[in-house]
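Just below is one structure, and these are the notes that go with it.
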2 protein chains.
Amino acid sequence: MSVDIKKYLEEKQQLVDGYLEANLPPIGTPPTVLHESIRYSLLAGGKRIRPILTVAAAESIGPPPKALLPVACAFEFIHTYSLIHDDLPAMDNDDFRRGKPTNHKVYGDGMAILAGDGLQTMAFEWCSRVDLVNDIEPYVQVQIIAELAHGSGNQGMVGGQVLDIQAENTKVDFAEIQNIHAHKTGKLIRAAVRAGALLSGANLTQFDQLTAYAEDIGLAFQIADDVLNVTGTREELGKDANTDAERGKQTYPSFYGLKGAKKLAQECADRAISRLSSFDEKADPLRGIAQYIVSRRN
Amino acid sequence: MSVDIKKYLEEKQQLVDGYLEANLPPIGTPPTVLHESIRYSLLAGGKRIRPILTVAAAESIGPPPKALLPVACAFEFIHTYSLIHDDLPAMDNDDFRRGKPTNHKVYGDGMAILAGDGLQTMAFEWCSRVDLVNDIEPYVQVQIIAELAHGSGNQGMVGGQVLDIQAENTKVDFAEIQNIHAHKTGKLIRAAVRAGALLSGANLTQFDQLTAYAEDIGLAFQIADDVLNVTGTREELGKDANTDAERGKQTYPSFYGLKGAKKLAQECADRAISRLSSFDEKADPLRGIAQYIVSRRN
């Protein structure tokens, strides 16, 4: 593979962070505390996997349009809003995230709810920016917004979160576990990749192959996350470790054992890479990301 | 005026309710409890003022396209999600809404947060429906989505909610009160009207006049709401009455007295109607709505 994936991820992370910093409402924009609270969680050193996937998917087809970064960032907004809401006492009740106290621990539950609400809206705001019309076809813009909505809504991330809450302390079978993860984590990752494909004008075959790639890495990502919850330390994860077992949550390691789960994650990554066999070296970052997802330590 | 506004509102309310019932995810769609929770709050007999404003604004220009109802309903989704989140213990901690226990009282705080999150996404999902492209220009569709986002986000409804929370039990001046309401209530009403204007292809002059109308009725609406909080009974309002005073909230009646606030609301309604002087009888429903807003009992 022609790409140093660690370097690639660092560069793109900086690209995304730089764009966010330059384009978020400036510090001091009223309502001040809302924007502070949003920046607190958004600029807390996330890995930016979802926006980087949008970038890498777009680049796997050809040079992406300038609309790339606002669209890519929208997926980070959705992800961050979901973390803020998931961490609330009414949901997972987590005190730490990305190595810092969770949003509601700093700003209070009410402001954390509103920061999440506002972040979700901002995702759609950035994707519907009317000035993007000079850069991409409005019809493509509508398709991207639809992808963002499907990936994050009732049949996507929010739906998966509901299933996940319902499954806690309940004996659920493995098919149900897969269903939960496909929705909770998989659908937004899938949408991020497909948005990138739409941005670069992928043809239908490419679009389907990238979709299959995305579904495979989405699953790999969740299995790896479950594994890390067992094997990671709080320092590595930036949040409490081994919380799944404490909560009686059914996970891939609890079903397959640690070794079995790791093997399954690697199989998913390999399958994802095989989906891109007809893509040239422009897809090397996507291939690298698939492997990175199952090798990461946080 | 050529229109019986009570009859008009009833007809359009039924139109919106019928469209919602036919197009929401059917009962039993997984995740079942999420969709139950959404239906519980959404189909609780709301007045549908925002979607009706979209309809009436579109009709004031000319025959609206078929995309009218999904777009109109999106504004009801945003409104309902904001009510569900506002009622949470972490926010206003209200037990009753539209005459029924609030969403979190029935489904729990976690599910209420997710129902609100999912409703917000659904607003953008319905507006970005790709099949609408046969009916409206994609560029117009993007503009409508942008309106929806601006009206409901950090510089709109969510921003106003933040300011409102910060102002509780604080001495704020009247300009700040106006600023809070302009954001919390006004911006979404404005967006609902402007979306209707965009749907029917309003020209720039019409668009500006409808925007001015919307800003006036938005203010009238909030003043009337404050008045009703003082004068209404729990039976009329479907929720606890006189809660603002108990919470030490600064309101129009607390600044202007009850009589002064009522007079101010009527002046806003009159000004709104005057904005439509160059519109023909197709704008009579909008004129009727302006008067209705300040005359209603709930």
Quiz item: Under a 4.5 Å heavy-atom cut-off, does chain B meet the side chain of A:His85, its backbone, both or neither?
Solution: side chain
Quiz prompt | Most chain A-contacting option - heavy-atom pairs closer than 4.5 Å, from B:Leu34, B:Asp117, B:Asp109 | solution = B:Asp117
Quiz item: Mind checking whether B:Tyr139 and A:Val130 have side chains closer than 4.5 Å, heavy atoms only?
Solution: yes
Quiz prompt | Residue part contacting chain B, namely of A:Ile145, when any heavy atom lies under 4.5 Å | solution = both
Quiz item: Does some side-chain heavy atom of A:Phe77 sit less than 4.5 Å from a side-chain heavy atom of A:Leu20?
Solution: yes
Practice problem: With a 4.5 angstrom heavy-atom cut-off, could you sort out which part of A:Ile144 is near chain B: side chain, backbone, both or neither? | Solution: neither
Practice problem: Select one option (side chain, backbone, both, neither) describing which atoms of A:Gln155 are under 4.5 Å from chain B's heavy atoms. | Solution: side chain
Self-check item: Heavy-atom proximity to chain B below 4.5 Å, by part of A:Leu132
Solution: neither
Quiz item: Given that the side chain runs from C-beta out, which part of A:His35 has a heavy atom under 4.5 Å from chain B: side chain, backbone, both or neither?
Solution: side chain
Quiz prompt | Sidechain N-carboxylate O distance under 4.0 Å for B:Arg39, B:Glu21 | solution = yes
Quiz item: Which of parallel (below 30°), tilted (30 to 60°) and perpendicular (above 60°) describes A:Phe124 and B:Phe124?
Solution: parallel
Quiz prompt | B:Lys100, NZ: over 12 other non-hydrogen atoms inside 6.0 angstrom | solution = yes
